[in-house]
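Working notes, beginning with the structure itself.
Proteins come first, then strands; the chains are lettered A, B, ... in the order of their sequence lines, and each starts at number 1.
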There are 4 protein chains.
Amino acid sequence: MSKTKELNLKEQIIDAARRVLLSEGYRNFSLRKIAGEIDVSATSIYLHFENKDDLVHTLMEQAIERLNNQLQQVVSEADSPIAKLEALAYEYVRFALKYQREYQIIHLTSSDEMTRYPKEKFRKARKGYEIVSNVLQEGADGGLIAEEKPRMAAYTFWAQLHGVMSVVLSKRLDTRINRQEFIDEAIEHIIDGYKIRTALQTNNK
Amino acid sequence: MSKTKELNLKEQIIDAARRVLLSEGYRNFSLRKIAGEIDVSATSIYLHFENKDDLVHTLMEQAIERLNNQLQQVVSEADSPIAKLEALAYEYVRFALKYQREYQIIHLTSSDEMTRYPKEKFRKARKGYEIVSNVLQEGADGGLIAEEKPRMAAYTFWAQLHGVMSVVLSKRLDTRINRQEFIDEAIEHIIDGYKIRTALQTNNK
Amino acid sequence: MSKTKELNLKEQIIDAARRVLLSEGYRNFSLRKIAGEIDVSATSIYLHFENKDDLVHTLMEQAIERLNNQLQQVVSEADSPIAKLEALAYEYVRFALKYQREYQIIHLTSSDEMTRYPKEKFRKARKGYEIVSNVLQEGADGGLIAEEKPRMAAYTFWAQLHGVMSVVLSKRLDTRINRQEFIDEAIEHIIDGYKIRTALQTNNK
Amino acid sequence: MSKTKELNLKEQIIDAARRVLLSEGYRNFSLRKIAGEIDVSATSIYLHFENKDDLVHTLMEQAIERLNNQLQQVVSEADSPIAKLEALAYEYVRFALKYQREYQIIHLTSSDEMTRYPKEKFRKARKGYEIVSNVLQEGADGGLIAEEKPRMAAYTFWAQLHGVMSVVLSKRLDTRINRQEFIDEAIEHIIDGYKIRTALQTNNK
DNA sequence: GATGAATGAGACTTCATTCAT
DNA sequence: AATGAATGAAGTCTCATTCAT
């Protein structure tokens, strides 16, 4: 019973944090507000999290985990490596659009906003790369994908996707450009980069 | 002498701001610190900038401008459209690595950290896209680049580059991967995506 | 012509000051606001007034002068000393009610809000006492008013009136008490205190 | 010990506030100074008081309460209604002279300096009037004092006293007039006004 | 576990005043 | 004569964090 309750507060805090993040943005994401949301003293958050960053890290971690799970699933449901890459890309996009704030938070790690992200957590974050990496390897083995260095390729794949979504979410996209078209075009470009290129392929779009 | 001094404080503030940003990161970027740096009252900053965001915007603007100038120059120095794209990509990378904090600040716009970025300033920011866009158009005209939509392609180009540098700067790159190799590989990928693909080309790597 | 303009600015400032005082109260009475009112730099006020207090003093002085003139006039229009006292009291009340902010400002001198009121200006302020004092003397000479010390009596008269208006203007009057009735009653009391008292009364203390 | 300390800061702030008020006057009464006095962060004051006004209100309230207590006591110690009125008047004077700053603060309510004085607190302030009012009623019942409207009379009594002290404390009293004599004279005048007047006098208006 | 009190940093605003031009 | 720039004080608010209970 007490265990339940203990877990509860931590979960409640995380939930409230997500809620605040969603409604107010990171800029206005404060421990006080979170505490207020669940009628708990701000100090109580420190019973479950070392500090604000730690709480944000947890949010990040969970978001990453959710994303990874989604990716894992769509990969398992697609047949060919190329289809898998496409599925990965589109799932990534879907996630970024649906959970914008959380997506953005994931990428806060980078900026000095969130320096202290603990090393151990990076491993979990890296799982996404592995998924991509495996698909690329699978494609390379099957002669469909031209990659001698699947790990590095996973990173470039990932990086390119992130760049695309970053532009989309930052609303820096020219208003004359249709968002979905942009995404489609970009993904096509990115994936094309990994296909074995032959004369036959260049025209098969 | 008088004119000089008048103009000075604003410039001094910007300089100090850049310095603080560089040494302390955005997380610890405070008006007080900036004011302290140049032995000026914090209030004085408000005589030249509406608020903290306004100052940051100015920093962004200047960084963008500098970047754009650099891009413009390298473009003008390269011959072929492909060479120009490459030059653009490498100059972008160079800038991002050299002025990391400023590069990061430019991309703060996106996150809600910096919502209030004024519309008018976006235009200047968009100049980079135009530069790329023009090169792509030029290449398309010359039959070297396969783009019917140079504007959109400019955005995908840009986005992908940003993604790459974002991964690099966030230090999320797997330690087993060499940074420069990663960058080279990624740029090659990205640019390849815009080349006219023929059987001859696929093997010329 | 230049003289005219010079005088103008000073007058304009005073006018604007009065306006601001009226509309915003002393609490929000700021040099900036005054300057803004007449589209002049705040610094310009210092060309005509030593500082904020000096400007306020000027306002006070003018208000006092206006009050004194009014008092002088009503005194000259009344016949008997008693009638004169009454006229003085009612004119004083009328002024306090009509120019509340200015009336209040006159009495700011006292509180440490306005310590530095210059000695020379006190003399002008004292003219009001003289007027009362003269009336009392006149009444004493005529056997109507019991005062051996008209100067002191003038001060008590004045003080009592001020107290009454102070209560009225501070809105501290019980809501069940009618304002005008209170004023009438108080004035009656005050003036009664100066009338010749018979032997019967004077000894019952 | 714990309770003591908890209650302490608020009290300490009030004490420091009173000290600052005393030594520097309302003009220089700043939260920062108060905080400095007791080596406490200025922010801490906001944990106990809504804002500066709230703190001042508290000072006022306590001063009023202290005054009322004094008045209550001297009234209970005097015999006849007339003696009580005199005791009240002299105690009032004593208080005003001894606690000048606090006395002045009490009367800050009026000026727009201190607009936001909360309604509930007025009730406490009104207790002084009740004390006077009761004495007047008692005197009226005993045929010594001529008052059909003791409540209003209490206000006029009060107002007159305040006026007198206001003149005294503002140092506007003519230097040729002895302060104590002035006070004595004024009080005599004021109290005389409430004594039963004979037919001869009452009709000579 | 949980909390209230306190802290110190910081943003932002308004202000009176000074100074150099 | 007039002004813009700068200053320092101050009020107000919000915040992350610490501490003692």
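When distances run from any side-chain atom of Ser44(C) to the nucleotides dT17(E), dA2(F), dT3(E), the shortest one goes to dA2(F). Relative to the side chain of Thr43(D), the nucleotides dA6(E), dC15(E), dC13(F) differ in distance, and dC13(F) lies closest. Nearest to the side chain of Arg32(A), among dA16(E), dT17(F), dT3(F), sits dT17(F). Taking only side-chain atoms of Ser41(D), from C-beta outward, the nucleotide of dA6(E), dG8(E), dG4(F) with the closest atom is dG8(E).
Phe29(D) comes within 4.0 angstrom of the backbone, heavy atoms only, and of no base. Residue contacts for Leu31(C): at a heavy-atom cut-off of 4.0 Å it reaches the sugar-phosphate backbone alone, with no base atom in range. Counting non-hydrogen atoms under 4.0 angstrom, Ser30(B) reaches the backbone sugars and phosphates but no base.
What separates CG of Leu47(A) from C1' of dA16(F) is a distance of 15 Å, to the nearest Å. Asp54(B) places its CG atom 11 Å from the P atom of dT13(E), with the value rounded to the nearest Å. Between Leu55(D) atom CG and dT12(F) atom C1' there is a gap of 14 Å when expressed in whole angstrom units. Atom CG of Asn28(D) is separated from atom P of dG11(F) by 11 Å (rounded to the nearest Å). One can place OH of Tyr46(B) at 15 Å from C1' of dG8(F), the figure rounded to the nearest angstrom.
Atom CZ of Arg19(B) is separated from atom CZ of Phe29(B) by 11.5 Å, given to the nearest 0.5 angstrom.
Relative to the ring axis of Tyr46(C), Lys52(C) does not place its NZ or CZ within 45° and under 6.0 Å from the centre. Arg101(C) forms no cation-pi arrangement with Tyr26(C), by the criterion of a distance under 6.0 Å to the ring centre and an angle within 45° of the ring axis.
When the side-chain nitrogen and oxygen atoms of Lys52(A) are compared with OP1 and OP2 of dT17(F), none of them lie within a distance under 4.0 Å. Between His48(D) and the phosphate of dA5(E), there is no side-chain N or O to OP1/OP2 separation shorter than 4.0 Å.
A salt bridge links Asp53(D) to Arg27(C): at least one charged side-chain nitrogen sits closer than 4.0 Å to a carboxylate oxygen.
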